[in-house]
Student: 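Just dropping this structure here.
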Amino acid sequence: MSITNTANAFLRAGRIVATESRHRDARRRIVEKLSLALQTRNVAILVGAGASYHLNSPKIRDMSADDLIKMATKNHVTLSDQDREVLLRFVDGAEGRFDLETLLADLSTAVRFSKSRYAKQDFTDSRQTELKSLLAKVNKTLSMACDLANDASKENEDLRAHRTFFSRVVASRRGDLPRLRVYTTNYDLVIEKSLDNLGLDYIDGFIGTVNRTLRMDVYSREYYTTIPPTNDRRPRRLADFLYFYKIHGSLNWRSRTDHSRTMVDRVLQIPNYSTTPYDDLSLIYPTPQKEADTLGYPYSDLLRAFGGTLSEPDTALLTFGYGFSDEHINRIIAQSLASNSTLAIIIVDPYLLQTDGDEDTLVDTPIARFAGIDDARVAAITGEDCTFVRFADTFLPAVSPEDEAAEKASAENAAD
């Protein structure tokens with residue numbers, strides 16, 4: 001039995017409806033399903049870390065101490081001998097395998113426990129300092145490893161997949177429909193860089209010029225233009241435009257307190273991490289504590305906006321690169337399915353099926369279990385062309401000379 005990106009397939013209610021290995025019209029049916037979904041009155045797209053794996057997004061599962069030390073070194077975080085000694089105690093030695101999420105949870109728990117009056121005899125001031133130092137450096141290592149778009153430019157081919165995807169999705173929507181809403185759990189600036197490269201306008205919740213501050217009411221605003229097709233100069237709704245939400249924070253967000261209120265600012269340039277304390281970053285780190293973190297500002301407001309979108313009548317949610325490992329997000333999706341009979345979900349992932357002889361079955365992963373829900377409103381697209389790099393070229397129509405050239409080259413390669 002092997003878990004691979006199998007032939008492209010379309011699933012509904014956990015059952016395979018069409019697969020290219022058995023149905024000649026499978027690709028056409030997938031394209032038709034996507035086209036219909038993109039014409040749904042309200043469309044939300046949820047983008048997770050899997051959409052950035054081709055940009056070397058850090059993988060936090062099944063690591064070793066050596067993997068973490070190499071990641072820290074690569075990102076200019078210095079782990080002292082003391083830090084390494086503490087790390088090896090927490091991960092059962094150099095050969096131990098662990099998830100970074102589990103390590104962060106254990107370190108956070110140890111730091112909190114070390115401060116309690118019951119632990120004073122076991123945790124001296126120096127041991128507390130060791131724990132806090134390692135926690136800070138691991139968090140900073142993860143943050144820096146997520147700075148994927150630092151050197152990206154319009155000419156950078158690495159961002160082509162994101163540019164292609166967003167240009168085609170936006171162009172696929174009729175101009176009279178409500179705006180596309182894009183949500184992401186990623187800290188990186190890849191989506192922002194890609195939208196900037198394309199010249200696509202978007203609202204990310206921030207307002208101001210010198211100081212840009214997050215205000216949720218900004219998401220209720222619209223963009224219009226007076227560039228006339230005629231001479232009447234009446235304002236017309238801007239065509240290429242979307243709303244963008246970073247529900248776990250961002251590398252260029254900073255928290256501050258203003259008259260006892262928590263405020264979040266967006267900085268123009270990500271500063272040098274070697275001089276930036278990790279706790280100044282406005283991020284939700286991947287630990288079990290993130291459930292509690294999401295109750296604070298601005299994350300609770302951003303998640304409420306996500307739930308509000310999914311509760312609107314006639315809504316489609318498309319997920320890309322999201323592995324369904326965040327219970328606070330899964331809960332919102334499940335509750336919306338239960339309360340909104342017009343909500344439809346399409347999950348895109350290359351690895352939902354496993355091949356056992358001649359039969360394809362769902363794998364046992366969080367995302368596959370969600371895709372396997374026995375509900376006709378839940379569909380999934382999986383297979384070799386469902387990586388983020390290949391998906392738009394395969395299933396969405398070209399809309400620009402760059403797209404058309406890539407599509408032509410892809411067709412020629414397939415013919416060869």
Side-chain angles (χ1 to χ4, degrees), residues 5-6 8-11 27 30-31 33-38 40 42-59 146 148-149 158-173 180-195 198 200 202 242-248 306 309-310 315-326 329-330 332-333 336 343-353 363 365-371 378-397 399 403:
N5 50 351
T6 56
N8 297 321
F10 175 63
L11 295 79
R27 184 167 300 203
I30 293 172
V31 170
K33 175 65 179 178
L34 276 171
S35 298
L36 284 172
L38 290 173
T40 305
N42 302 293
V43 173
I45 295 177
L46 176 59
V47 181
S52 296
Y53 281 160
H54 65 288
L55 299 173
N56 297 317
S57 174
K59 294 182 175 67
C146 288
L148 309 177
D158 291 341
L159 295 186
R160 182 189 172 275
H162 284 78
R163 291 199 303 269
T164 302
F165 176 79
F166 285 106
S167 62
R168 295 187 182 196
V169 168
V170 170
S172 297
R173 297 270 292 160
L180 182 71
R181 295 185 180 269
V182 178
Y183 295 85
T184 185
T185 57
N186 298 347
Y187 311 141
D188 61 59
L189 308 183
V190 170
I191 294 178
E192 296 96 309
K193 287 269 190 178
S194 303
L195 295 176
L198 291 168
L200 276 175
Y202 59 96
L242 56 83
Y243 296 98
F244 181 47
Y245 305 76
K246 303 191 79 169
I247 52 183
H248 281 174
F306 180 56
T309 297
L310 299 191
T315 295
L317 170 67
L318 282 69
T319 74
F320 294 86
Y322 174 64
F324 284 80
S325 296
D326 291 326
I329 296 176
N330 296 349
I332 291 172
I333 297 173
S336 299
L343 175 64
I345 297 174
I346 299 180
I347 297 166
V348 180
D349 185 88
Y351 302 108
L352 294 179
L353 297 178
V363 300
T365 59
I367 184 171
R369 288 194 290 272
F370 208 100
V378 179
I381 304 170
T382 189
E384 58 191 1
D385 290 319
C386 290
T387 61
F388 197 77
V389 172
R390 300 174 64 172
F391 184 83
D393 285 328
T394 303
F395 298 115
L396 296 174
V399 295
D403 284 344

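All of these numbers come straight from a predicted model, not from anything done at the bench.
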Student: To the nearest 0.5 angstrom, please state how far the CG atom of N186 sits from the OG atom of S52.
Tutor: 5.0 Å
Student: In the structure I gave you, are the side-chain heavy atoms of P397 and S172 within less than 4.5 Å of one another anywhere?
Tutor: yes
Student: Return the CD1 to CG distance between I333 and L343, rounded to the nearest 0.5 Å.
Tutor: 8.5 Å
Student: For Y245 and T309, test the side chains for any donor-to-acceptor distance below 3.5 angstrom and give the result as yes or no.
Tutor: no
Student: Could you tell me which non-hydrogen atom of T164 sits nearest to which non-hydrogen atom of A392, and how far apart they are?
Tutor: CG2-CB, 3.8 Å
Student: For the side chain to side chain contact (heavy atoms under 4.5 Å, CB included) test, which of I329, L310, V47, I247 pairs with Y183?
Tutor: I247
Student: Partners of R173 by salt bridge (Lys or Arg N to Asp or Glu O under 4.0 Å), sequence neighbours excluded?
Tutor: none
Student: If you take all heavy atoms of T319 and I347, which pair is closest and at what distance?
Tutor: OG1-CA, 3.4 Å
Student: Would you mind reporting whether I45 and L242 have side-chain heavy atoms less than 4.5 Å apart?
Tutor: no
Student: Measure the CG-CD1 distance between D349 and I367 for me, rounded to the nearest 0.5 Å.
Tutor: 4.0 Å
Student: What distance separates L11 CG from L353 CG, expressed to the nearest 0.5 Å?
Tutor: 5.5 Å
Student: Of the non-hydrogen atoms in F324 and N330, which two are nearest, and what is the gap between them?
Tutor: O-ND2, 3.0 Å
Student: Hey, could you give me the CZ/CG distance between F388 and L55, rounded to the nearest 0.5 Å?
Tutor: 9.5 Å
Student: Could you go step by step and tell me if F244 and T184 meet the side-chain contact (heavy atoms from CB on, under 4.5 Å) rule?
Tutor: CA-CA 8 Å; F244 181 47; T184 185; 3.7 Å; yes
Student: Would you check if F166 and I191 make a side-chain contact, meaning some heavy-atom pair closer than 4.5 Å?
Tutor: yes
Student: Which is it for N42 and R181 under the side-chain contact (heavy atoms from CB on, under 4.5 Å) test, yes or no, and what are the steps along the way?
Tutor: CA-CA 8 Å; N42 302 293; R181 295 185 180 269; over 6 Å; no
Student: For F306 and L317, run side-chain contact (heavy atoms from CB on, under 4.5 Å): C-alpha distance rounded to whole Å, both residues' side-chain angles, the deciding distance at 0.1 Å, then the answer.
Tutor: CA-CA 10 Å; F306 180 56; L317 170 67; 4.2 Å; yes
Student: Could you tell me whether a side-chain N or O of K246 sits under 3.5 Å from a main-chain N or O of D188, the two making a donor and an acceptor?
Tutor: yes
Student: Tell me whether T365 contacts the main-chain N or O of A368 through its side chain, where contact means a donor paired with an acceptor under 3.5 Å.
Tutor: yes
Student: Locate the shortest heavy-atom distance separating L352 from A371; write the atom from each residue and the value.
Tutor: CD1-CB, 4.2 Å
Student: Of all heavy-atom pairs between A37 and L318, which one has the smallest distance, and what is that distance?
Tutor: CB-CD1, 4.5 Å
Student: Set out, in order, the CA-CA distance, both residues' side-chain angles and the distance that settles side-chain contact (heavy atoms from CB on, under 4.5 Å) for F395 and R27, then state yes or no.
Tutor: CA-CA 8 Å; F395 298 115; R27 184 167 300 203; 4.1 Å; yes
Student: Check whether the ring centres of F320 and Y322 lie less than 6.0 Å apart, and answer yes or no.
Tutor: no
Student: Please work out whether the ring planes of H54 and H162 are parallel, tilted or perpendicular, with thresholds of 30° and 60°.
Tutor: parallel
Student: Would you check if L38 and V169 make a side-chain contact, meaning some heavy-atom pair closer than 4.5 Å?
Tutor: yes
Student: In Å and rounded to the nearest 0.5 Å, what is the CZ to CZ distance from R168 to F391?
Tutor: 11.0 Å
Student: Closest heavy-atom contact between T382 and Y351?
Tutor: OG1-N, 3.7 Å
